[in-house]
Participant: 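So that we are looking at the same thing, I have put the structure below in structure tokens.
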Amino acid sequence: MDREGLAAAIACEDPAFEEALRDEAYRVKVETIGPEVYLRGLIEISNICAKNCLYCGIRRDINCQRYELSDEEVMATAKVASRRHFGSVVIQGGERTDPAFIRKITRLLKAIKEIEPAAEGELPLGITLSLGEQSREVYEEWFDAGAHRYLLRIESTNPDLYHKIHPNNSLHSYDRRLQALYDLKEIGYQAGTGAMIGLPYQTPEDMADDLLFYKEFDAPMVGMGPYNPHPETPLTLSGAPYPSAERRLALGLKMIALLRLLVPDINIAAATALEVLDPRGREKGILSGANVIMPNITPEEQMVKYNLYDRKTLLRDCPSSVDPEKRDTHICRNCVFPFCSLGDDLNGKKIVIGYGRWGDSKHFKKP
Ligand code: SF4
């Protein structure tokens, strides 16, 4: 599991090796942290962003329809997550540092914490934020208001590659991103990170370094996923080659498996980006060692505008997220949609959904 060995495993395209690796990672996951899979109801609060990342379909300079959920919409959606016993929500959005937005998040965090748990023995909703780089003071304000996990992806730990996929200016600084991650950790968040997999210019050694960074940073949770191109971004339009969809899916699953073997007791998300490449991508992520799934519960009329990459195939999560009639009554346990089949005896793996639980990383609780 050193850099050379990881890079060799990443470069190896032997299907039998890749399958054996995924099976071993799943075995280690169950042995270390149990069969549970935890849910995070994903609320995409806004696609307005001050940044201009070269791979992103909602970057500042792209022409798309912008939205911001109202307080009432966020609260109604969070209540759906509570009623469906998800245990936690993730509030994700483009990066904004304007005072009105910061105040809005603080206000919402406090209000979400006040939602009465849906069943006896359940805690108020756990809250993860994923709102980009902010000042240390803002991170502290949001932590004090009730957020306890924060996902800030490094996207690539190779500074050269980082600067190939971001504009070369102070708003997109690799060092600033690293500093923000260490700020989050020092404040007391469970600070998660992650990177894209299968980017143009990316080598197996780059991906091995990403895995080693997660370990060195001591990240209690990681959300990484395959690169999926958006047709109108500068990175796609540059024509720089990248691996096929089949290869990016295999790489995405392999990175989950390798990370599970490298740091067995952390939380690893089966990213939505896997689902773009395979209708059962997130289930395959779970069977490769991931233990967190984030069903998208953003109101559908807004979800279609959060177009980081081509997400046409994604608009079919829970029916209750797309059918307002079902939102109040539908309970996730009865859902027939893909991620819910995890509750069945998927491939004989005895997966258990951790309903109503925060599902914090065991790694973080270590003294
Ligand atoms: S990747 Fe995030 S920060 Fe970058 S442009 Fe897209 S939404 Fe904004």
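Order of appearance sets the numbers: ligands from 1, and atoms from 1 within every ligand. Numbering starts at 1 and runs along the sequence shown.
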Participant: Hey, mind stepping through Arg136 and Glu186 against salt bridge (Lys or Arg N to Asp or Glu O under 4.0 Å) and telling me if it holds?
Facilitator: CA-CA 10 Å; Arg136 190 177 172 115; Glu186 280 173 25; 2.9 Å; yes
Participant: Give the atoms of ligand 1, by number and element, whose distance to some non-hydrogen atom of Tyr55 is under 4.0 Å.
Facilitator: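 Result: 1 (S).
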Participant: Please list the nearest protein heavy atom to atom 2 (Fe) of ligand 1 with its residue and the distance rounded to 0.1 Å.
Facilitator: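 Answer for atom 2 (Fe) of ligand 1: Cys49 SG, 4.6 Å.
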Participant: Can you pull out the closest protein heavy atom to atom 6 (Fe) of ligand 1? Residue, atom name and distance to 0.1 Å, please.
Facilitator: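 The protein heavy atom lying closest is Cys56 SG, 2.3 Å.
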Participant: Output, in order, the C-alpha distance, side-chain angles, deciding distance and verdict of salt bridge (Lys or Arg N to Asp or Glu O under 4.0 Å) for Lys104 and Glu68.
Facilitator: CA-CA 11 Å; Lys104 173 179 177 138; Glu68 177 181 327; 2.9 Å; yes
Participant: Any idea which heavy atoms bring Met221 and Gln190 closest together, and the distance?
Facilitator: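 Closest approach of Met221 to Gln190: CE-O, 3.5 Å.
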Participant: At a non-hydrogen distance cut-off of under 4.0 Å, which region of Asn47 contacts ligand 1 (side chain, backbone, both, or neither)?
Facilitator: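 The answer is neither.
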Participant: Heavy atoms only, cut-off 4.0 Å: how does Cys53 contact ligand 1, side chain, backbone, both, or neither?
Facilitator: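 The part of Cys53 near ligand 1 is both the backbone and the side chain.
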Participant: Is the Tyr227 to Tyr55 ring centre distance short of 6.0 Å?
Facilitator: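 No, the ring of Tyr227 stays outside the 6.0 Å limit from the ring of Tyr55, centre to centre.
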Participant: Can we call the ring centroids of Tyr182 and Phe217 under 6.0 Å apart?
Facilitator: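 Yes - the distance between ring centres of Tyr182 and Phe217 falls below the 6.0 Å cut-off.
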Participant: Considering the heavy atoms of Ile58, write down every atom of ligand 1 situated less than 4.0 Å from one of them.
Facilitator: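 Every atom of ligand 1 under 4.0 Å from some heavy atom of Ile58: 7 (S).
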